[in-house]
Amino acid sequence: MSQVKATRRLILKSSLAVGLGAASTAAATFAQANPQTQIPTTWDESTDILIVGSGFAGLAAAAAAAREGSKVIILEKMPTIGGNSIIDAGDMCAVGTPQQKEKNVKDSPELLAADMMRNGLFLNDPKKVKFVSEHAHDNYEWLVNEIGVEFMPVVGFTGGHSVPRAVTAKNGSGSGIINPLADYLAKQGIKPRIRNYVETIYRDDSGRVVGLKVREGYRFPKEGSGKVKNIQARKAVILYHGGFGADVKYRSLLDPKLTEIFLTTNQPGATAGMWREAARIGGMIIQADWIQCTPWNNPLEKGMGNTWNFGQYVAGEAGVWVNTLGKRFVNENANRKIRADAILVEQGKGLKAIAVANKAASASLEGRRPGFMEKSVKDGLIKEYPTLDALAADWKMPPEALKETVSQINTYFEEGKDPQFGRIVKGLKPMKEGPWYAMEMSPKVHHCMGGLATTVDGKVLDVSTLEPIPGLYAAGEATGGTHGAVRMGTNAILDCLVNGRAAGKAAATQN
């Protein structure tokens, strides 16, 4: 046998061995890569389903799993439940609602899916998009009829959508959904355990996730605080830990421009601890460098604040956005990335982005946020002016340029089309009289588009085999694939609730 043939046979033999090893299971690979993780010989506590996170997705999953007869424990590292969900604005995407029918809005799951794919730059997983859009109506019905959530009788238009779809919790906050969910679960004996930090995900030698090492009594952000407790998950662990918008070091490694100079809308606990832990045990993370910034936040407010409602629902919907030269610079109702990037460009020129509208334009917000404008003006977060000249003088804008811009947008409103930026303006009323209102807008780090790769029913994929990790599920902002490059406004609640319920049911009914 020639040396070439012998070498070729050796290569083929080695390749075959590698292929067979990869095709079996990830168990041996994982065990070798993680020799330091010792599975407890005895557990301090056992349950069927262990849920990490008490936001929209986590509570929805608990409801779904409990409905299937599973015993559920929900772990929350912070001192209160809800995470980013409870401080959300309570605006949710829904299709076929009474609010849409009242306004004769023609909508469908197919149109929602098309909007999601277009805004996501077709980086979305089409199967996930289809699943979410097809459940956008029954999710609303479930919340109203089973959970007891109350929504306002209005429907709104948010960035990226082609028709109005936003329904708002009656109290104007994500707590209007979180609290009814928590009450629903409490009646079934399920109460989230606060101050429980997950330190380790246990994955055994067979490759299955079997439980968690938890620090009970944890005091954020004190590392090592709390008492160690090992909890077994007989059926599954489900990760609903959210994003990492408040973790400057982690996010700036993925997107170097998002340094500490960028504020965030997120609560302080939105850090990357569980992202690192899920990756350590083999969870595949996708598209994590697609990090969304909101365009319309007020730099005078911490976190999400409240006056973003003026930037989005007043000036963005029925008014105009201008720079401090008095000129429009973007489609005011484009998706969030387009608008945030446009504001950053203006800031790079040394200009500010200003939301402008008159009293008539702001009247529509009363139905969604009663008393909002009066309070915001009183608090000095939104400024009021008798004339456009006074507004221009205060923001050091050329007054004639501002008045020309307002006149131009009024013409677009009257004609029902915007040839400048392609904004949807049909049915909008021209802004003719004062008083006028204005507010500066500046982007803040908001939502993580990427995350753990999962199947449609929430099974987490192993990075070494691209097959599901037994006993591990995830949904919501902890996962990627649903939104692609850009999440449309109000789609976060929809995503978390629909996919949270799906993963909870799948985990509880697995074979």
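Along the sequence shown, residues are numbered consecutively beginning with 1.
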Is it true that [X] and [Y] have a side-chain N and a carboxylate O under 4.0 angstrom from each other?
X: R203; Y: D462; value: yes
X: E199; Y: R276; value: no
X: R208; Y: D204; value: no
X: K459; Y: D457; value: yes
X: E332; Y: R339; value: no
X: R165; Y: D115; value: yes
X: D44; Y: K229; value: no

Can you tell if the side chain of [X] reaches within under 4.5 Å of the side chain of [Y], non-hydrogen atoms only?
X: L143; Y: M92; result: yes
X: M284; Y: L452; result: no
X: L123; Y: W290; result: yes
X: D91; Y: T158; result: no
X: E76; Y: N196; result: no
X: L75; Y: L50; result: yes
X: T455; Y: L461; result: yes
X: K444; Y: T264; result: no

Answer yes or no: is there a donor N or O on one side and an acceptor on the other, between the side chain of [X] and the main chain of [Y], under 3.5 Å?
X: R215; Y: V228; value: no
X: H161; Y: M488; value: no
X: R369; Y: N309; value: no
X: Q287; Y: A485; value: no
X: R251; Y: D289; value: no
X: S108; Y: L111; value: yes
X: Q510; Y: K235; value: yes
X: K227; Y: G217; value: no
X: N230; Y: T42; value: no
X: N335; Y: I338; value: yes

How far apart are the closest heavy atoms of [X] and [Y], and which atoms are they?
X: A475; Y: G500; value: CB-N, 3.8 Å
X: K127; Y: V456; value: CB-CG2, 3.7 Å
X: I285; Y: A279; value: CD1-CB, 4.0 Å
X: I201; Y: E277; value: N-OE2, 2.7 Å

Roughly how far, to the nearest 0.5 Å, is [atom2] of [Y] from [atom1] of [X]?
X: D107; Y: K101; atom1: CG; atom2: NZ; value: 11.5 Å
X: W296; Y: Q312; atom1: CH2; atom2: CD; value: 7.0 Å
X: T454; Y: I286; atom1: OG1; atom2: CD1; value: 7.5 Å
X: Y250; Y: F244; atom1: OH; atom2: CZ; value: 6.0 Å
X: D183; Y: K187; atom1: CG; atom2: NZ; value: 7.0 Å
X: F262; Y: S442; atom1: CZ; atom2: OG; value: 7.5 Å

Within the 6.0 Å centroid threshold, strictly below: [X] and [Y]:
X: W308; Y: Y313; value: yes
X: F56; Y: Y240; value: no
X: F131; Y: H135; value: yes

Hey, are [Y] and [X] close enough side-chain-wise for a donor-acceptor pair under 3.5 Å?
X: S133; Y: E110; value: no
X: Q232; Y: T47; value: no
X: Y197; Y: E216; value: no
X: K128; Y: T479; value: no
X: H483; Y: D495; value: yes
X: Q99; Y: Y140; value: yes
X: H446; Y: R487; value: yes
X: D247; Y: T271; value: no
X: N331; Y: R423; value: no

State which residue, out of I469, L472, I51, fulfils the side chain to side chain contact (heavy atoms under 4.5 Å, CB included) condition with V237.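 Per the side chain to side chain contact (heavy atoms under 4.5 Å, CB included) rule, the option paired with V237 is L472, out of I469, L472, I51.
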Listing, residues 174-182 side-chain donor-acceptor contacts under 3.5 Å, not counting sequence neighbours, or none:
unit_1 : atom_1 : unit_2 : atom_2 : d
S175   : OG     : N171   : ND2    : 2.9
S175   : OG     : S173   : OG     : 3.0
N179   : ND2    : S175   : O      : 3.4

Are more than 12 heavy atoms from other residues, nucleotides or ligands located less than 6.0 Å from atom CD of Q347?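 Counting neighbours around CD of Q347, more than 12 heavy atoms of other residues, nucleotides or ligands fall under 6.0 Å, so yes.
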